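To start, the structure under review is shown below, and the notes come after it.
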Amino acid sequence: MIPDLQFVKESFARFNRLIFSDALPEPYFSLTRARTFRGKMVCSWKTLFGRPHSFGFEIRISVSFDLPRDEWEDVVIHEMIHYHIACNRISDTSAHGPVFRRMMREINTRHGRHITVSARSTDEQRADGPVRAHYLCLAKLSDGRLGVAPVAKTRIFELWDVMRNLPGVAAVSWVGAVDPWFNRFPRVMTPKLYVASKEDLLLHLKGGLRLERDGQVIRPVRKRCFPDELLP
């Protein structure tokens, strides 16, 4: 998905309530076409009575990347951590120093997020990289959302049965696909899912084949399927 201001504002309000106890004043939000970052928290500084004070807080989100919704939510939370530190004048050794990293780890653990210090990799490189085969586990979650996991070939047998038993997973299907859009997701080595929209999946599953397992053999079902037939 490409984020818009409504998504950014609603995400900020939701995570301000869930994570920051509604303690963060709403900053200014803006969209940019920057390709050097996904999100950025900026502010101005001035010295009052010999001490630096920050003001004019702004969260900028780039619309140059097409990412799953949960990754954009992590971007917003990432910038909210910066905002919390600056707004409360908390001293840290660097932009992603010990204070930032401690908060990031706590939020990831307590709220099931996957916030990182920097982008997992350059999204342009992943999206425009070489065509390669993906072993995809597609999952229907109990809340109606859909998840995807490009599983590393060396782990496919180990994870074949494990994925359907993950908490909150109602059903799974396995699909082989080569669309470069799936390059943006890190290869999964352990049980893990990335939330993706149905619209994105249907668009990029064109030409995909359902996979079946026979003992220690994984093979495609040689039957042409429409994208919606590949979903669990």
Side-chain angles (χ1 to χ4, degrees), residues 1 3 5-30 36-43 45 51-62 65 67-123 126 139 141-143 145-150 159 162-163 165-169 184-197:
M1 63 170 281
L5 282 177
Q6 181 180 352
F7 166 80
V8 178
K9 290 180 179 180
E10 289 178 351
S11 296
F12 179 92
R14 179 155 61 96
F15 295 118
N16 193 18
R17 182 177 64 256
L18 292 176
I19 299 174
F20 298 92
S21 302
D22 269 333
L24 296 177
E26 183 175 295
Y28 179 76
F29 300 104
S30 64
T36 56
F37 62 85
R38 300 182 189 180
K40 180 180 289 188
M41 193 287 296
V42 297
C43 61
W45 293 86
R51 298 184 62 183
H53 290 261
S54 53
F55 66 98
F57 296 100
E58 177 184 349
I59 291 180
R60 299 174 183 170
I61 299 295
S62 175
F65 304 105
L67 304 174
R69 184 183 185 89
D70 65 325
E71 285 195 33
W72 279 124
E73 290 175 344
D74 287 343
V75 169
V76 173
I77 300 171
H78 178 119
E79 302 314 318
M80 292 176 74
I81 297 175
H82 284 304
Y83 182 30
H84 169 85
I85 292 173
C87 194
N88 290 281
R89 305 174 192 170
I90 300 171
S91 178
D92 205 355
T93 59
S94 65
H96 298 112
V99 175
F100 181 95
R101 291 172 183 267
R102 183 176 65 252
M103 290 186 65
M104 178 185 72
R105 288 193 296 268
E106 289 176 354
I107 292 170
N108 284 343
T109 300
R110 296 175 65 178
H111 298 276
R113 308 305 310 184
H114 300 96
I115 308 162
T116 58
V117 168
S118 59
R120 296 185 179 100
S121 65
T122 301
D123 299 289
R126 286 201 299 246
L141 306 181
S142 54
D143 61 7
R145 294 182 299 167
L146 293 171
V148 59
L159 297 180
V162 174
M163 299 297 281
N165 293 319
L166 285 177
V169 171
R184 68 192 58 220
F185 299 100
R187 293 276 175 106
V188 168
M189 305 285 285
T190 57
K192 184 178 181 180
L193 290 165
Y194 299 98
V195 174
S197 72

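Values below: every heavy atom of this structure, side chains too, minus hydrogens, waters and symmetry copies. Please read all numbers here as calculations on a predicted model, not as lab measurements.
- For N165, there are no side chain to side chain contact (heavy atoms under 4.5 Å, CB included) partners, not counting sequence neighbours.
- Rounded to the nearest 0.5 Å, atoms CG (D74) and CG (L67) are 10.5 Å apart.
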Can you check side-chain contact (heavy atoms from CB on, under 4.5 Å) on V169 and M163, steps first, answer last?
CA-CA 8 Å; V169 171; M163 299 297 281; over 6 Å; no
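- Applying the side-chain hydrogen bond (donor to acceptor under 3.5 Å, both in side chains) criterion to H84, with sequence neighbours excluded, gives N88.
- You'll find the side chain of H111 reaches within 4.5 Å of the side chain of I19, heavy atoms only.
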Going through the distances and angles, do W72 and F65 end up as a side-chain contact (heavy atoms from CB on, under 4.5 Å)?
CA-CA 10 Å; W72 279 124; F65 304 105; 4.0 Å; yes
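- Inter-residue side-chain proximity for L193 and V148 is flagged as unmet; no heavy-atom pair is nearer than 4.5 Å.
- Among residues two or more places apart in sequence or in another chain, the side chain to side chain contact (heavy atoms under 4.5 Å, CB included) test is passed with P98 by D92, T93.
- Contact annotation: the side chain of H96 approaches that of H82 to within less than 4.5 Å [non-hydrogen atoms, C-beta and beyond].
- Within the 4.5 Å cutoff, side-chain heavy atoms of P3 are placed close to those of I61.
- When the salt bridge (Lys or Arg N to Asp or Glu O under 4.0 Å) test is applied to R60, the partners found at least two apart in sequence or on another chain are E58.
- Side-chain rings of H78 and F100 approach one another, their centers coming within less than 6.0 Å.
- The aromatic rings of Y194 and H114 sit tilted, their planes meeting at an angle between 30° and 60°.
- Between P25 and C87, the closest side-chain pair of non-hydrogen atoms falls below 4.5 Å.
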Report the C-alpha separation of V76 and I59 in whole Å, then their side-chain angles, then the decisive distance to 0.1 Å, and conclude whether the side-chain contact (heavy atoms from CB on, under 4.5 Å) test is met.
CA-CA 8 Å; V76 173; I59 291 180; 5.7 Å; no
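- Note that CE of M104 is 9.5 Å distant from OG1 of T109, once rounded to the nearest 0.5 Å.
- Applying the side-chain hydrogen bond (donor to acceptor under 3.5 Å, both in side chains) test to every pair with at least one member in residues 10-26, sequence neighbours left out, gives these pairs: Q6-E10, R14-E73.
- Annotation: the span from M189 atom CE to L159 atom CG amounts to 9.0 Å, rounded to 0.5 Å.
- No side-chain heavy atom of L166 sits under 4.5 Å from any side-chain heavy atom of K192.
- Minimum heavy-atom separation, V162 to P191: CG1-CG, 3.6 Å.
- Residues passing the salt bridge (Lys or Arg N to Asp or Glu O under 4.0 Å) test with D143 are R145, sequence neighbours excluded.
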Using side-chain contact (heavy atoms from CB on, under 4.5 Å), reason through L146 and L141 one step at a time and then give a plain yes or no.
CA-CA 6 Å; L146 293 171; L141 306 181; over 6 Å; no
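- Taking the side chain as every heavy atom from C-beta outward, I107 and F20 approach each other to under 4.5 Å.
- Judged by distance alone, with hydrogens and angles left aside, the side-chain atoms of E79 form a donor-acceptor pair with the main-chain N or O of M41 at under 3.5 Å.
- A search for ring-ring contact (aromatic ring centres under 6.0 Å, His included) contacts involving F29 returns F12, not counting sequence neighbours.
- When all heavy atoms of V188 and A149 are compared, the pair lying nearest together is CG2-CB, 3.9 Å.
- Pairs engaging residues 99-109 under the salt bridge (charged side-chain N to carboxylate O under 4.0 Å, His left out) rule: none recorded [sequence neighbours left out].
- The backbone N or O of D70 lies less than 3.5 Å from a partner atom in the side chain of R113, making a donor-acceptor pair.
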